[in-house]
Structure formats: C-alpha cells, structure tokens
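Heads up: numbering here begins at 1 and tracks the sequence.
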Amino acid sequence: MAIDKYGIAKRIAQELRDGMYVNLGIGIPTLVANFIPKGISIMLQSENGMLGMGPYPVEEKIDAD
C-alpha cells in the first residue's frame, strides 16, 4: 500500500529533535508542522525565511494579520 503525503509528513516529523531549527520548504514538507510530537520544541523556518511558523491553521484560528 502506498503512503500518502500525510503519512510522509508524519514520518518526517518523527525525525525532529528538541532544539532543532528546521526549514520546511514548500509542498509536503510544510505538512510536517502538523505532526510535531508533543514535548518537542523546534523553530520552523518558512520558505520565505520567516522563523516561528506553526501548523496549518484551522478555520477558527485563521488570522490575516
């Protein structure tokens, strides 16, 4: 059975270690933020260089600012 993009992102998230700085790039890598294990503190960098990114926002948490 083939693994889907969410399975790939979940597997990548298992490689993260506390204190890492991680550049997720674009596409599937950005899904990794949704699967960071509890208790792990990392700094995410977006493709355009911003630090402190997080998981994809759910509808009620979207903030255009």
Side-chain angles (χ1 to χ4, degrees):
M1 179 178 209
I3 189 170
D4 66 6
K5 64 183 179 181
Y6 299 102
I8 293 169
K10 188 174 183 179
R11 176 61 185 92
I12 292 167
Q14 293 174 2
E15 297 296 321
L16 302 177
R17 299 294 176 256
D18 200 43
M20 285 182 156
Y21 282 76
V22 181
N23 183 321
L24 296 177
I26 60 172
I28 288 177
T30 59
L31 294 174
V32 172
N34 294 330
F35 299 102
I36 296 171
K38 291 193 185 302
I40 298 293
S41 178
I42 64 169
M43 182 65 66
L44 299 177
Q45 178 184 15
S46 71
E47 181 63 19
N48 60 3
M50 295 185 345
L51 289 171
M53 304 304 295
Y56 192 81
V58 291
E59 188 71 30
E60 58 271 4
K61 293 196 175 200
I62 292 177
D63 181 356
D65 296 324

Revision key, fill the gap. Result for side-chain contact (heavy atoms from CB on, under 4.5 Å) between Ile42 and one of Ile36, Val32, Asp18 points to Ile36
Exercise for review: Kindly give the heavy-atom pair with the smallest separation between Ala13 and Pro37, and that separation in Å.
Suggested key: O-CD, 3.7 Å
Review point. What are the two closest heavy atoms between Arg11 and Glu15, and how far apart are they?
Key: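 Taking every non-hydrogen atom into account, NH1-OE2, 2.7 Å.
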Check your understanding: Roughly how far, to the nearest 0.5 Å, is the CG atom of Asp4 from the CG atom of Leu31?
Key ->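 Here the interatomic distance stands at 9.5 Å.
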Practice item. Please write out which residues are connected to Val58 in a hydrophobic cluster, directly or through intermediates, given that two of Ile, Leu, Val, Met, Phe, Trp, Tyr count as joined at side-chain heavy-atom separations below 4.5 angstrom. Key: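 Direct or chained contacts put Val58 with none.
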Point to revise | Hphob cluster co-occupancy, Phe35 + Ile8, side-chain heavy atoms under 4.5 angstrom | key: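 As far as the 4.5 Å side-chain criterion goes, Ile8 and Phe35 are not connected within one cluster.
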Review point. Would a hydrophobic clustering, with Ile, Leu, Val, Met, Phe, Trp and Tyr connected at side-chain separations under 4.5 Å, put Met20 with Ile40?
Key: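 Looking at the clustering, Ile40 is in the same group as Met20.
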